[in-house]
Amino acid sequence: MINSETIVVLAAAAMTLGLYSYLYRDNIFFRIAENAFVGAAAAYSSLISIETAWRLLEPYLAKGEYYWYLTILIGLMYTFFFSRKYFWLYRYPTAIVLGSGIGVFIARAMKTQLLRRITDTISNLSLIHI
């Protein structure tokens, strides 16, 4: 009787051999192994992202702050990138992320580059004796 751990080890060995078969030539075994690996990596990263997002949002939703569902909706709008008909909906979350990022950057740049230099200049004026 073969247990599940043996099947996983055999599948991993077959994947490794399939990926190493590229050293000989580009072939069907390499393409199958490559696509399976990329698909598994994409699925794993998607599940980790969903679990992390839920873990971060769960305390707010438990308090009854249901406007946090809006963040999920905005995040799901990124999938419209793959649709020709609804591609225009993809532009909204992109604009929100870019706009908020630029706003944070400009505010931080104003504080560190402009306001700090003004306060340093004012504090240095008190050291000058005329």
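Since we're looking at a predicted model, the values are computed, not measured.
Applying the side chain to side chain donor-acceptor pair (under 3.5 Å) criterion to S46, with sequence neighbours excluded, gives no partner residue. The side-chain contact (heavy atoms from CB on, under 4.5 Å) search around L98 returns T94, not counting sequence neighbours. For W54, the side chain to side chain donor-acceptor pair (under 3.5 Å) test picks out no residue, with sequence neighbours left out. In terms of the side-chain contact (heavy atoms from CB on, under 4.5 Å) criterion, residue partners of I118 (sequence neighbours excluded) are, by chain and number, L114, I122. Under the side-chain contact (heavy atoms from CB on, under 4.5 Å) criterion, S4 pairs with no residue at all, not counting sequence neighbours. Judged as a side-chain contact (heavy atoms from CB on, under 4.5 Å), and not counting sequence neighbours, the contacts of I102 are I106.
Here the CG atom belonging to L57 is positioned 11.0 Å from the CZ atom belonging to R55, to the nearest 0.5 angstrom. In this structure, CG on L17 lies 11.5 Å from CE on M15, to the nearest 0.5 angstrom. Within the model, atoms CD of E51 and CG of L56 stand 10.0 Å from one another, a figure rounded to the nearest 0.5 Å. Rounding to the nearest 0.5 angstrom, the gap separating the CZ atom in R91 from the CD1 atom in I96 is 14.5 Å.
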In a table with atom names and distances, give each donor-acceptor pair under 3.5 Å that connects a side chain of residues 25-40 to protein atoms at least two apart or in another chain.
| residue | atom | partner | partner atom | Å |
| --- | --- | --- | --- | --- |
| D26 | OD2 | R31 | NH2 | 3.0 |
| N27 | OD1 | S21 | OG | 3.1 |
| N27 | OD1 | F29 | N | 3.2 |
| N27 | OD1 | F30 | N | 2.8 |
| N27 | ND2 | S21 | O | 3.4 |
| N27 | ND2 | S21 | OG | 3.4 |
| N27 | ND2 | R25 | O | 3.3 |
| N35 | ND2 | R31 | O | 3.1 |

Contacts table for residues 63-71: side-chain donor-acceptor under 3.5 angstrom, sequence neighbours left out:
| residue | atom | partner | partner atom | Å |
| --- | --- | --- | --- | --- |
| E65 | OE1 | W68 | NE1 | 3.3 |
| T71 | OG1 | W68 | O | 2.5 |

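Listed by chain and number, the hydrophobic cluster partners of I48 are Y44, where partners are ILVMFWY side chains within reach of under 4.5 Å, directly or through others. Counting Ile, Leu, Val, Met, Phe, Trp and Tyr side chains that sit under 4.5 Å apart, directly or through other members, F82 shares a hydrophobic cluster with M77, Y78, F80, F81, Y86, F87, W88, L89, Y90, Y92, V97.
Applying the salt bridge (Lys or Arg N to Asp or Glu O under 4.0 Å) test to every pair with at least one member in residues 72-84, sequence neighbours left out, gives no pairs at all.
Transitive grouping of hydrophobic side chains (ILVMFWY, heavy atoms separated by less than 4.5 Å) brings Y60 and I72 into a common cluster.
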